[in-house]
Amino acid sequence: MAVTDILKDFDDLTEPACMDKILMYLEELKEEDDAFMELLVEKLAREEITWEQPWYQQTNSVSRPLKENNEKHKETYKTDTICKAENDIIIKNWKEFIHEYDVPDKIICLARWKNKVKSRLPNTPEESSRRFLISYLARGLQRTTFQVFRHIQTYFGGPVKGAYSAEEEKIMNVCFTHHPNHAVTLLSMVLGREPRGIYKRLQQLYNGKPERKKIRWTIPVASKLLKLLMKYTGLPLDELKNKRFDKEVWVKIAEEFDHHYIHIQKFWYSSLHVQLFVKSNVKLNKLRKKIFKKLKLTSYQIWSDIRWKDVVQQFPDGYTHYFIYKISYGPIHTKPKYHKEPLPEVLDYGLKRLKHYRKLRLRTLALNKEGDLEQVIYDKSNNKS
DNA sequence: CTTTGTTTCGGCTTGTTTGG
DNA sequence: CCAAACAAGCCGAAACAAAG
């Protein structure tokens, strides 16, 4: 049965039978996972790791992060998000594994299975089998087994992404009313989604959705923000560059705007910061072209591999990663499946679209004698980007 | 009290929609 | 089309639970 069909025969979602139907579906999944685990234990209980492992994979716990004592080790592991190339290695290792041990091709069972009823001691058959398998999948990666395990849980255990469908909303509502205490883990399994988004839905149910508000960021409003930021940090303008501020600072500022701090913070990093600290006359399309050209020379395979914080390092002082991301996203986001397509194709698409873009320049701002923001006007001779 | 696995959740980051 | 907000995703760490 498909998830979307669970509630198709019910008109009245308050009927307890709805919940029963969902629980039955959950049971099916659990049985599938348990059967998979049983098989795994059967095959792996006596297996030992024979291959060379870097120190950071020699832990006996895959479900907890490595404790930091890497000072004495020369080799280090990567800490950023696992990229496409690394994911491909995991899949390659998985294919090898299922072939070598004759196990069904159901990595989702590994991702979903939770040790709830068995002993959690590390040398118990379930845990040692799981550790063997994760170590196998981590071969050739500069990652801890914990990172690989978490990646498998999120990537393969929550494959459904994007906005929730109406059917999913129905299922969530039924679980929230009948099983509020276990709704999140239950729904995460049933819907095949990351738990975090489901938590947020549950919280919204209790606390309500905040009303929609909008600020128009005119120069005077931006002036107000800048003054408040200087006031609450006690720093002069030029020391605000590339700084992070405590959340308290943002919250205090947000109160004076009567707006959620997250939006104010975002405006600072994505717009105002750049307008204040980039000191030249920039043609936005020329900048976009430069970004795309640079990205073409990297080894990123797909759009989401791009590490914007690294990319921004190649640009002059004053830019922020979020700004670079934002202006790059514009031209490419209309390409269908831009997430999955090879990056060079996506970039070419973007470069082509740039030709139809309006020719805008980055507006830059500076404080005037009165302490207010004012637009900096560049003349044509000062035409450098 | 320690170890380990799971759940919860804050704080962003990334992706998408909305409304002028 | 763009600016801004909203929505979902990701990461890490703390809280919680179960067992030694």
Side-chain angles (χ1 to χ4, degrees), chain A residues 59-68 79-83 112-124 126-128 130-131 144 146-147 149-151 153-155 157-164 168-169 181-189 191 193-204 209-218 221-222 244-248 250-251 259-272 284 303-309 320-334 337-339 353 356-360 363:
Chain A
T59 147
N60 64 355
S61 165
V62 294
S63 63
R64 279 180 168 267
L66 195 63
K67 290 210 184 78
E68 280 306 318
T79 53
D80 60 339
T81 313
I82 289 184
C83 69
R112 275 190 317 219
W113 187 82
K114 296 278 167 63
N115 191 347
K116 299 283 282 178
V117 290
K118 302 278 180 173
S119 166
R120 288 154 155 185
L121 288 177
N123 286 323
T124 208
E126 282 76 12
E127 288 304 330
S128 72
R130 185 155 71 162
R131 190 167 63 247
T144 66
F146 172 69
Q147 289 174 307
F149 181 55
R150 283 296 289 259
H151 176 256
Q153 282 188 323
T154 51
Y155 188 86
V160 184
K161 292 193 191 292
Y164 297 110
E168 287 181 301
E169 299 274 6
N181 294 330
H182 302 101
V184 175
T185 36
L186 191 158
L187 282 166
S188 162
M189 271 187 93
L191 302 178
R193 281 190 178 263
E194 276 261 283
R196 192 74 193 88
I198 302 171
Y199 277 111
K200 286 192 177 162
R201 281 304 170 97
L202 187 60
Q203 273 165 355
Q204 273 183 10
K209 250 193 198 174
E211 56 171 323
R212 200 185 166 95
K213 283 183 183 172
K214 206 162 179 176
I215 288 189
R216 252 185 71 74
W217 288 104
T218 57
V221 181
R244 321 227 85 203
F245 310 109
D246 286 344
K247 188 185 163 190
E248 288 165 49
W250 291 116
V251 170
H259 208 59
H260 198 284
Y261 84 95
I262 204 97
H263 302 309
I264 295 170
Q265 188 186 45
K266 182 168 269 177
F267 173 70
W268 171 255
Y269 285 112
S270 76
S271 302
L272 193 53
L284 286 175
W303 179 259
S304 52
D305 278 352
I306 300 171
R307 302 285 175 259
W308 295 100
K309 283 181 180 167
T320 62
H321 75 276
Y322 190 73
F323 172 81
I324 297 287
Y325 164 77
K326 194 179 75 171
I327 64 163
S328 305
Y329 179 67
I332 66 96
H333 83 279
T334 44
K337 299 206 180 142
Y338 72 89
H339 293 108
R353 284 216 55 201
H356 311 291
Y357 259 60
R358 273 159 61 194
K359 296 185 174 65
L360 294 177
R363 183 162 70 170

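Here is the naming used below: chain letters follow the sequence lines, and residue numbers restart at 1 for every chain. Computed over heavy atoms, backbone and side chain alike; hydrogens, waters and symmetry mates excluded.
- Counting non-hydrogen atoms under 4.0 angstrom, A/Lys213 reaches the backbone sugars and phosphates but no base.
- For A/Trp113, there are no ring-ring contact (aromatic ring centres under 6.0 Å, His included) partners at least two apart in sequence or on another chain.
- In this entry the distance linking CZ of A/Arg112 with P of B/dT7 reads 14 Å, nearest Å.
- Note: CZ (A/Arg196) to P (C/dC11) measures 14 Å, nearest angstrom.
- Looking at residues two or more places apart in sequence or on another chain, you find a salt bridge (Lys or Arg N to Asp or Glu O under 4.0 Å) between A/Lys213 and A/Asp258.
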Could you tabulate the donor-acceptor pairs under 3.5 Å formed by side-chain atoms of residues 264-272 of chain A, not counting sequence neighbours?
residue, atom, partner, partner atom, Å
A/Tyr269, OH, A/Lys243, O, 2.6
A/Ser270, OG, A/Lys266, O, 2.9
A/Ser271, OG, A/Lys326, NZ, 3.3

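- Residue A/Arg353 has a polar side-chain atom (N or O) positioned under 4.0 Å from OP1 or OP2 of C/dC1.
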Item to check | Worked check of salt bridge (Lys or Arg N to Asp or Glu O under 4.0 Å) between A/Lys118 and A/Glu127 | outcome: CA-CA 9 Å; A/Lys118 302 278 180 173; A/Glu127 288 304 330; over 6 Å; no
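- Here the nucleotide nearest the side chain of A/Gln203, chosen from C/dA5, C/dG9, B/dG10, is B/dG10.
- A/His333 meets the ring-ring contact (aromatic ring centres under 6.0 Å, His included) test with A/Tyr329; sequence neighbours excluded.
- With sequence neighbours left out, the side chain to side chain contact (heavy atoms under 4.5 Å, CB included) criterion links A/Lys309 to A/His321.
- A ring-centre distance under 6.0 Å is not found for A/Tyr322 and A/Trp308.
- Side-chain N/O atoms of A/Arg193 include one lying less than 4.0 angstrom from OP1 or OP2 on C/dG9.
- As a whole-Å value, the separation of A/Met189 CE from B/dT6 P is 12 Å.
- Atoms CD1 (A/Ile198) and P (C/dA8) sit 10 Å apart, rounded to a whole Å.
- In this structure, the side chains of A/Arg131 and A/Asn123 come closer than 4.5 Å at one or more pairs of heavy atoms.
- Within 4.0 Å (heavy atoms only), A/His259 reaches sugar-phosphate atoms of the nucleic acid but no base atom.
- We find that CD1 of A/Ile215 is positioned 11 Å from C1' of C/dA5, with the value rounded to whole Å.
- Here C/dA7 presents its P atom at 10 Å from CD of A/Glu169, a figure rounded to the nearest Å.
- Between the P atom of C/dA8 and the CD atom of A/Glu194 lies a distance of 12 Å, rounded to the nearest Å.
- Across all strands shown, A/Ser61 has heavy atoms under 4.0 Å from sugar-phosphate atoms exclusively, and none from any base.
- A/Thr334 meets the side chain to side chain contact (heavy atoms under 4.5 Å, CB included) test with A/Tyr349, A/Arg353; sequence neighbours excluded.
- Checked against B/dT6, B/dG11, C/dG9, the side chain of A/Lys114 finds its nearest nucleotide in B/dT6.
- Within the structure, a side-chain polar atom (N or O) of A/Arg130 is placed less than 4.0 Å from OP1 or OP2 of B/dT6.
- Under the 3.5 Å distance criterion, the side-chain polar atoms of A/Arg150 are left unmatched by any main-chain donor or acceptor of A/Val62.
- At least one side-chain nitrogen or oxygen of A/Asn60 sits closer than 4.0 Å to the OP1 or OP2 atom of B/dT4.
- Among the protein residues, A/Asn181 comes within range of the sugar-phosphate backbone only, with heavy atoms under 4.0 Å from sugar or phosphate atoms but none that close to a base.
- At least one side-chain nitrogen or oxygen of A/His263 sits closer than 4.0 Å to the OP1 or OP2 atom of C/dC6.
- A/Gly330 comes within 4.0 angstrom of nothing in the nucleic acid, heavy atoms only.
- Listed nucleotides C/dA4, B/dC12, C/dC11 differ in distance to A/Lys200; the shortest reach to its side chain belongs to B/dC12.
- When the P atom of C/dG9 is taken as reference, atom CZ of A/Arg201 falls 10 Å away, rounded to whole Å.
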Next on the checklist: Across nucleotides 13-20 of chain B, 5' to 3', mark each nucleotide with B, S or - according to how protein heavy atoms within less than 4.0 Å reach it.
Outcome noted: SBBB-S--
Checklist entry - What is the per-nucleotide protein-contact pattern of nucleotides 12-20 of chain C, from the 5' end, where B denotes a base atom under 4.0 Å from a protein heavy atom, S denotes such proximity for sugar-phosphate atoms only, and - denotes neither? => result B--B-BS-S
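- Listed by chain and number, the residues in a side chain to side chain contact (heavy atoms under 4.5 Å, CB included) with A/Arg196 are A/Tyr199, A/Lys200 (sequence neighbours excluded).
- An OP1 or OP2 oxygen of C/dC11 is reached within less than 4.0 angstrom by a side-chain nitrogen or oxygen of A/Thr81.
- Between A/Tyr199 and B/dC9, a side-chain N or O to OP1/OP2 separation shorter than 4.0 Å is absent.
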